[in-house]
Amino acid sequence: MLEKKMEEFDGTKVIQEFEAVTKEAGKVQIETLRKILEENAGAEYLQKLGLDGRTDVESFKSCVPLVTHKDLEPYIQRIADGDKSAVLTGKPITAISLSSGTTQGKPKFVPFNEELLRSTMQIYRTSFAFRNRDFPIGKGKALQFIYSGRLFKTGGGLAASTATTSIFRSELFKNTMKDIQSQCVSPEEVIFGPDFHQSLYCHLLCGLIYREDVQFVSSTFAHSIVCAFRTFELVWEEICTDIREGVLNSNVTTPSIRSAMSKILKPNPELADSIYRKCSGLTNWYGLIPELWPNAKYVYGIMTGSMLPYLKKLRHYAGSLPLLSSDYGSSEGWIGANVNPTLPPELVTYAVFPDIGYFEFIPLRETFEEQQLEKTASTVLYMESEPVGLTEVKVGEEYEIIVTNFAGLYRYRLGDVVKVMGFHNSTPELQFVCRRSLLLTINIDKNTEKDLQLAVEAAMKLLAEEKIEVIDYTSHVDMTSDPGHYVIYWELSEEANDAVLSDCCNCLDRSFVDAGYVSSRKVKAIGALELRLIRRGTFQKILDHYLGLGGAVGQFKTPRCIGASNSGVLQILSNSVVKSYFSTVFG
Ligand code: AMP
């Protein structure tokens with residue numbers, strides 16, 4: 001059935017369907033849970049928990065515990081090892097996804113099935129319907145920086161790859177992309193090429209050959225778009241030469257890519273001259289996208305959460321074009337779509353789909369606890385209460401999201417913190433806040449990915465005056481010193497002088513305003529913050545490291561805090577340090 005050609009796309013109808021399910025979100029949730037539990041009543045996991053075929057919310061909540069990936073790992077491993085019995089699902093799982101694993105340092109296995117594929121298409125179609133209502137595109141294609149990850153077999157012979165790879169390979173995806181006028185300009189050989197650098201080069205080349213057709217520029221996560229155009233700045237002249245002569249650069253060595261590209265690439269000196277002129281006329285590459293793709297209507301990809309730091313550069317390349325953030329999901333399944341595409345990425349929310357899973361939310365309230373270290377100091381800790389249902393969440397509150405889906409995850413803690421900003425009919429609109437586990441913490445201090453981002457943004461302003469950019473950043477808690485201290489790693493676009501960098505380091509230290517941090521710094525229970533500068537290209541090495549572990553570029557999110565156990569990345573960082581500065585704030 002999945003292979004069947006889909007009906008003609010009708011945006012109005014898709015929006016109506018979404019309106020209908022979100023008006024009845026509460027009811028639809030109960031019905032979705034019933035379906036999940038009915039389909040999987042025979043699963044060993046649910047049977048062991050004594051659910052005994054019951055499908056109501058109360059029985060579900062009383063029998064099934066909240067779990068993390070670690071709790072399910074033994075079950076998933078059995079599936080990966082070839083156990084074909086009904087372990088987590090009624091129908092056996094036939095494929096495994098590798099999550100990007102940037103948080104833990106190594107990819108995690110999660111079950112993948114056709115139901116996840118189907119809901120992915122539902123999300124794509126719905127968000128396209130809303131997007132196209134506000135930003136209609138014409139007939140054409142998309143310059144999509146999408147890549148396949150490695151495909152392999154688990155010990156038990158199941159197909160394993162990143163979720164995006166399984167999706168891109170499916171016929172359903174290809175048909176859906178045709179339906180929603182979003183086909184990639186590049187041939188499949190480029191998308192599925194074995195080497196990311198070669199694929200990226202050819203995506204850029206195809207984008208320019210078909211520049212008049214390109215209706216929008218996209219990638220799964222915005223990082224890939226910025227990475228693509230940073231590369232373009234370096235290789236644009238080579239690309240012009242290829243177009244002028246109709247001969248593909250010899251650095252592209254993959255035979256399948258060379259053969260596919262030879263059908264597309266013909267000598268075109270006029271096009272090469274025109275691109276050359278346009279690129280030469282740009283000031284510091286501002287407005288590169290609309291200049292080279294005159295029919296592009298917008299730039300599209302996930303731009304929230306850990307992607308926010310790339311917005312500045314993306315806006316620079318996009319010039320006058322709007323930036324539209326795409327949807328919210330994970331290898332474990334989708335959660336919501338951006339149905340208000342006119343909002344700038346900083347304000348984007350995701351409306352939850354009540355029919356793709358059963359969602360619960362653990363309220364996270366910040367509690368201010370008295371500290372032993374200093375009477376007046378306090379720290380922010382999350383106090384958890386009982387999870388609430390989808391329609392019971394409150395505007396303005398933060399929650400950790402819990403997923404139950406059609407692919408064998410029951411009451412699964414996704415690890416993301418979201419904030420409810422409003423409702424679309426009766427389904428909540430969530431703002432992505434951060435990953436819960438990404439914290440800089442030494443004792444009573446707690447800083448999230450967001451806190452780190454704000455500190456880096458503040459310090460970056462000092463560099464902006466010098467016209468220097470922070471290409472990317474990450475952090476680490478160094479406990480080898482006594483007391484432990486925060487380390488922030490920066491890769492810069494060019495060298496900066498010591499005085500400015502010392503100021504940046506002090507600014508970073510001052511910008512962590514969490515009371516636990518400030519009080520610990522004052523009494524020296526946390527040492528001076530250290531800013532370590534790393535060589536150009538280090539973040540590229542980190543990306544390559546994750547690709548080597550089986551990750552896909554498209555799902556890559558720069559890890560913003562490197563744990564002590566992530567020795568691979570720590571090693572890359574420590575080998576790349578060129579200079580370091582210690583804060584002098586707090587004496
Ligand atoms: P992965 O582990 O590769 O499946 O990535 C899934 C994770 O990416 C989610 O749990 C989120 O932390 C993050 N993510 C996915 N979509 C978004 C989004 N729209 N905004 C911010 N973060 C997102």
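In listed order, ligands and their atoms are each counted from 1.
- No donor-acceptor pair under 3.5 Å is formed between the side chain of Asn425 and the backbone N or O of Ala20.
- The ligand atoms of ligand 1 that sit less than 4.0 angstrom from a heavy atom of Tyr350 are 18 (C), 19 (N), 20 (N).
- The N/O atoms of Asp416, backbone and side chain alike, include one that comes under 3.5 Å of an N/O atom in ligand 1.
- Looking at Ser199, its side chain never comes within 3.5 Å of a backbone N or O of Ile191 through a donor-acceptor pair.
- Looking at Tyr328 against ligand 1, both its backbone and its side chain come within 4.0 Å, counting heavy atoms.
- In this structure, Ile335 falls outside the shell of residues with a heavy atom less than 4.0 angstrom from ligand 1.
- The closest approach between a heavy atom of Lys557 and any atom of ligand 1 is below 4.0 Å.
- Considering only residues two or more places apart in sequence or on other chains, Phe353 meets the ring pair (Phe, Tyr, Trp, His ring centres under 6.0 Å) condition with Phe18.
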*asked:* salt bridge (Lys or Arg N to Asp or Glu O under 4.0 Å), that's the test. Do Arg118 and Glu115 meet it? Break it down for me.
replied: CA-CA 5 Å; Arg118 197 200 56 74; Glu115 197 54 43; 3.0 Å; yes

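- In this structure, Lys61 places its NZ atom where more than 12 heavy-atom neighbours from other residues, nucleotides or ligands lie under 6.0 Å away.
- When the ring pair (Phe, Tyr, Trp, His ring centres under 6.0 Å) test is applied to Phe128, the partners found at least two apart in sequence or on another chain are Phe9.
- For ligand 1, the atoms sitting less than 4.0 Å from at least one non-hydrogen atom of Asp327 are 16 (N), 18 (C), 19 (N), numbered in the order shown with element in parentheses.
- By the criterion of a heavy-atom distance under 4.0 Å, neither the backbone nor the side chain of Met307 is placed next to ligand 1.
- Every N/O-N/O distance between Ser306 and ligand 1 stays at or above 3.5 Å.
- For ligand 1 and Thr304, the ligand atoms under 4.0 Å from any heavy atom of the residue are 18 (C), 19 (N), 20 (N), 21 (C).
- Ring centers of Tyr473 and Tyr489: at least 6.0 Å apart, outside the cut-off.
- In this comparison of Gly305, Ser99, Gly329, the heavy atom closest to atom 14 (N) of ligand 1 sits on Gly329.
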